[in-house]
Structure formats: structure tokens, C-alpha cells
Novice: 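Got a structure here, written out as C-alpha cells. Questions coming.
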Number of protein chains: 2
Amino acid sequence: MGVHINACNKCEIRDTALCSALPEVEADRLHKIAYRRHYPQGKVIFDGGEEPESFAIVISGVVKLVRTKRDGRQQIVGLQFSSDFVGRPFGDLGSLMVEAATDIELCCLTRKPFENLLQQHPILERVLLQRTFDELDAARQWMFVLGRLSARAKVASFLQHVVERSHRVVGKDPVTVCPQQQFELPLSRTETGDYLGLAIETISRQIAQLKTEGIIETVGLRAMRVLDFPRLQAWAENEG
Amino acid sequence: MGVHINACNKCEIRDTALCSALPEVEADRLHKIAYRRHYPQGKVIFDGGEEPESFAIVISGVVKLVRTKRDGRQQIVGLQFSSDFVGRPFGDLGSLMVEAATDIELCCLTRKPFENLLQQHPILERVLLQRTFDELDAARQWMFVLGRLSARAKVASFLQHVVERSHRVVGKDPVTVCPQQQFELPLSRTETGDYLGLAIETISRQIAQLKTEGIIETVGLRAMRVLDFPRLQAWAENEG
DNA sequence: CGCTACATTGAGTTACCTCAAAAATTGTGG
DNA sequence: CCACAATTTTTGAGGTAACTCAATGTAGCG
């Protein structure tokens, strides 16, 4: 199904992903078991039942992590962008569902070989540990957004986050690198609501207000441009 | 200041903490560099500035992880109970503040020796990795609470969580083990508000309602008993 | 072109917040 | 041990941000 990679050194995320922190030998071992795979928007990659058969790194597109309750309410508990990882070696993901928010390309590592590699190369495990701590940090940061911000600030924070993660250029400040550049929203209004803990109508109204204030400009429903980044940041801080 | 441990095998959390998953040799090495330390309620253990000098495991009491913004608003992003860990080797905790929510006892591991040990014993790193993934899981679970639940369900979820973590007995269902047993709230109303993203008055009203419904019974301000656990769970699910 | 899915807009409701005061609890000095 | 202040919690009244329900508008697709 997937295509084996024969040139990690040509990889788009070579300098930012997990593998960038590895010495030559380990990076090489890793790339030997890696293969690329495309998924269309909406495809469920892992549904929370059995153990996922792979660990993966996002090459392009956005992956959403969803927690669902029996009654249907759901909360998106994470968005994984380019160079973020998805999965958990030596264990399961709990009741998490993993879905392609946009068309995506993944760098997949089949579970068993990956686990073997982890055991043979402690450095790999170290790097993964650091990435996991980073994820934990990000999750806690988002808890602040969910618990303490107004609808207006939540929406602004979300847009800010998407801009920064979509345009990330290695080692450069994303804002100065691509001012006013157009970008795609990875989520529908409903999904955005599930991410921010808001009703879709509230999302709509906040975006409308951002438009009339001249802070953003929309391009169709799924794309926009930020015209006044400092003011977007002010909104994200609840100082509108 | 701290007292060196000379009997890990008498440790209260020997069977649940990080070290429980280690082979004899590694556990032994770990216990040689560990020492115990008490902190009084309210003591700030790490304030988010420089690198913390230690990694620690909570023996008794509750530690709170706080994220603060310049304007004073703060969100408690985690509560660490007995046998949970606090800290991050090979990196810093970001802007996180760590504070004793109650009087606590910690099992401390000085940074450098602990990092050395991690490097020498991959199994230790593996175990820490798993614990970190568990923390990530818990953080995401709490995101659901913050984003999707009503005030009533938030408060019920909080109480449920405190009961379960306070009375945890190894390998047993906490509810059946200690029905209606009294327990201490680790947080003041203000802190509970900062944890749940609610005003303190709202917390108060919800607790009052739980009392009039006969679901709980308070013992002073900081302790209570759950009289009807199933109904508390129902509240936590938004089915009141 | 119509159909379906998604997004926006509007009107009315409600859950939670804010402000203010009373009550309970904790701490302190005589 | 009691009186007193300081702190925290509870209770009350009123306001508002966000929700719900319903209608309209817009994009995507066979």
C-alpha cells in the first residue's frame, strides 16, 4: 500500500521531525523501516479499538485527535501538524480516535520494528521522550485556552495557532516570514467548535466580527489571510 | 535538608510509582540517589524561572501545576497525587509553576545523577516514557472536562477524580474499596475555580446543590463524604 | 440545475459571571 | 478560653456572554 522511502535526506521535514535529532546511524535505521502513505480528508486512521499498527510522523496536512463520549459529544484534544508525531509505542492510545482533518501524508513506522529499534537505540527513546514532554506542554497550554478564555479569545488563539503551525519555517519567526500570507483552515466550523468547546454559531459570529474589524480577510470558507497580526494577538489575550 | 532513603522496599508507593516497573538493579541504583523531603501547604517548589534542580515523585499529599499569565489569571493544568511524578529531565518545564496544594512528601532525585542514570539504563527511560504518555492521556481527558462539560458536571468530575486518586489501593477498584469514606479536598474554592475554569461562587453553589440532593455530605470546609457515588457519576456525565 | 451539506444571521433563553452582603471559619492576642 | 480581626465561603440579585432553535444564505457536487 505505502511507498518505501529511499531518500530521507530529501524529506520535507528532515530538519524538524523526530529524526532530525538523531545521529546518522539511528536515522538510517529508522528510514529503512519507514514508508509513506496518503490519507484523504475525513479518513479515520485509528478508531480507538485495538492497538494501532503503526507509529507515524505527519509530513503534510493536519491530523486531529478526538475524544468521544457515548452520547456523541466530542472534543478534539489535539491537532498534529507537519513534523508532529501520532501514536504510542509499547501501549495503546486509550479511547482516542485519530482522523485526517485534511488530506495528509504520513511517514509510517510499523509498530513492531519501530519498538525493536527503540529498544536497540536508547537515543531514539530519549528523543521521543522529549517530544512527548513537548506534547504534554502543548496540551496544558491548550487547557488554559479552554478553561480561561472568552469565545472571542478562543477563536483568535485558534487562528493564531493555525497560522503559526501552517507556515512554520525552520528556525524563523513564522509571523515575520510570511505576513498576510493566505492559509487554509484545517477544520470545519463544527470541528472548530469541538476543538474550542463552543457552538458553531459562536464561531461564525466571532469570525464575522474579526472580518468587520479588518483583522482578517476570508477567501472562501476554508481559507483566510491575517491583515493585522498584532491585533489578532491582542484578541487572543482577551484585550479586544 | 532531605533525608536519604535507606529502605525503598518499605516505601508507601513502592508498588505504584515509576520505580515499581524497574528490575532490581535499576531500582536499586535509583534508590541510592533518592531522598525524601517535606514541603508545607502553599510552598512553591519551582516557580518557572530557571531549570528545576530535581525530578520528584509524590509520596503523599497533592502537588498542583499552575500556568499563569501576566495579567494574573491562572489555570491549574494538573494535580499530581501519590505516585505521580513532577519534573522533566533533559529540559525545562516551560512557564509552569509547581506548588504544594497540601502538605506533601516528595521522593527527590537530583537532576544530574538522575539524568546520568537515565542514560545508563534504557529501561528507566522506557518506564518514564510510558508515564509521560499516561500524563498526556490524563491531560487530554481533562481537556474534555474543560471544554465540554457544564459547571455541575465539572464539579462532580472533580470530586470523583479526587476520591479515586485519594483512596487508590493497588489493583482494586477505589469505589468498592472505600465506599462513603471521608476524604480531604486538596484545593480551596479559589483553586478549584482555577482548575475547573469556573467562578468560586459557582463552585460553592454546585457543592451546595450536591448536598441538598443528598449525594455528598461535608465535614468542615475541606473534607467530605460521598453518599451516593453512582449519582455523583451521573452528574459528572451531565445527566443530573 | 436542483440537491445536500455547511455556514451565517437573527431572536429569545439560560447558565454562568459579577458585584455586594452575610455567614462561617481560621487565626491572634489578651 | 474567649473576643476580635482577617480570611474564606456562602448566599442573593442582576447582568451578560454564549447557547439553542429557527430561518436564510452559500458552497460543493452529481
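The structure presented is a predicted model; accordingly, all values stated were derived computationally and were not measured. Letters go in sequence order (proteins before strands), and every chain restarts at 1.
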Novice: Considering only NZ, NE, NH1 and NH2 on the basic side and carboxylate oxygens on the acidic side, decide whether B:R36 and B:E105 come within less than 4.0 Å.
Specialist: yes

Novice: Rounding to a whole Å, what distance do you find between A:L196:CG and D:dA17:P?
Specialist: 18 Å

Novice: Taking B:R131 first and then B:D137, would you say they form a salt bridge - that is, a charged N and a carboxylate O separated by under 4.0 Å?
Specialist: no

Novice: Among residues 139-151 of chain A, which residues get a heavy atom nearer than 4.0 Å to DNA chain D?
Specialist: A:S150, A:A151

Novice: For the helix from C:dC1-D:dG30 to C:dG30-D:dC1, how many degrees between its two end axes (five pairs per end), to the nearest 10°?
Specialist: 40°

Novice: Write down the distance between CD (A:E184) and P (D:dA27), rounded to a whole number of angstrom.
Specialist: 15 Å

Novice: Using atom CD1 of B:I203 as one end and atom C1' of C:dC17 as the other, report the distance to the nearest whole Å.
Specialist: 12 Å

Novice: Grab the N/O contacts between the protein and nucleotides 3-7 of chain C below 3.5 Å, and write none if there aren't any.
Specialist:
from	atom 1	to	atom 2	distance (Å)
C:dA7	OP1	A:R189	N	3.3
C:dA7	OP2	A:R189	N	3.4

Novice: Apply the test side chain to side chain donor-acceptor pair (under 3.5 Å) to residues A:Q75 and A:D194: give CA-CA distance (whole Å), side-chain angles for both, the deciding distance (0.1 Å), then the verdict.
Specialist: CA-CA 5 Å; A:Q75 171 81 33; A:D194 286 338; over 6 Å; no

Novice: Check this for me: does any side-chain nitrogen of one of B:E135 and B:R140 sit under 4.0 Å from a carboxylate oxygen of the other?
Specialist: no

Novice: Need one value for B:G197: base, sugar-phosphate or nothing, where a base atom within 4.0 Å counts as base even if backbone is also close, heavy atoms only.
Specialist: sugar-phosphate

Novice: If we ignore angles and hydrogens, is there a donor and acceptor under 3.5 Å between the side chains of A:Y35 and A:R37?
Specialist: no

Novice: Is it true that B:E237 and A:K69 make a salt bridge, defined as a side-chain N closer than 4.0 Å to a carboxylate O?
Specialist: yes

Novice: Check whether the ring centres of A:H161 and A:F81 lie less than 6.0 Å apart, and answer yes or no.
Specialist: yes

Novice: May I ask you to decide if B:P186's main-chain N or O and B:R222's side chain share a donor-acceptor pair within less than 3.5 Å?
Specialist: yes

Novice: Select one nucleotide: of D:dA13, C:dA20, C:dC16, the one nearest the side-chain heavy atoms of B:E201.
Specialist: C:dA20

Novice: For B:E99, is there an ion pair with B:K64 - N to carboxylate O distance below 4.0 angstrom?
Specialist: yes

Novice: Pick the closest DNA chain C nucleotide for B:R205 and for A:I207 by heavy atoms, then say which residue is nearer the 5' end.
Specialist: A:I207

Novice: I'd like to know if B:E217 pairs up with B:R225 as an ion pair, taking the criterion as any Lys NZ or Arg NE/NH1/NH2 lying under 4.0 Å from an Asp or Glu carboxylate oxygen.
Specialist: yes

Novice: Whole Å only: how far is the CG atom of A:L185 from the C1' atom of C:dT8?
Specialist: 15 Å

Novice: Can you tell if the side chain of B:I104 reaches within under 4.5 Å of the side chain of B:H38, non-hydrogen atoms only?
Specialist: no

Novice: Grab the CG-C1' distance between A:L198 and C:dA15 for me, whole Å please.
Specialist: 15 Å

Novice: Roughly how many Å is it from NZ in B:K211 to C1' in C:dA24, rounded to a whole number?
Specialist: 11 Å

Novice: Atom CZ of B:R152 and atom C1' of C:dC16: how far apart are they, to the nearest Å?
Specialist: 13 Å

Novice: If I take atom CH2 in residue B:W235 and atom P in nucleotide C:dA15, what distance separates them, rounded to the nearest angstrom?
Specialist: 13 Å

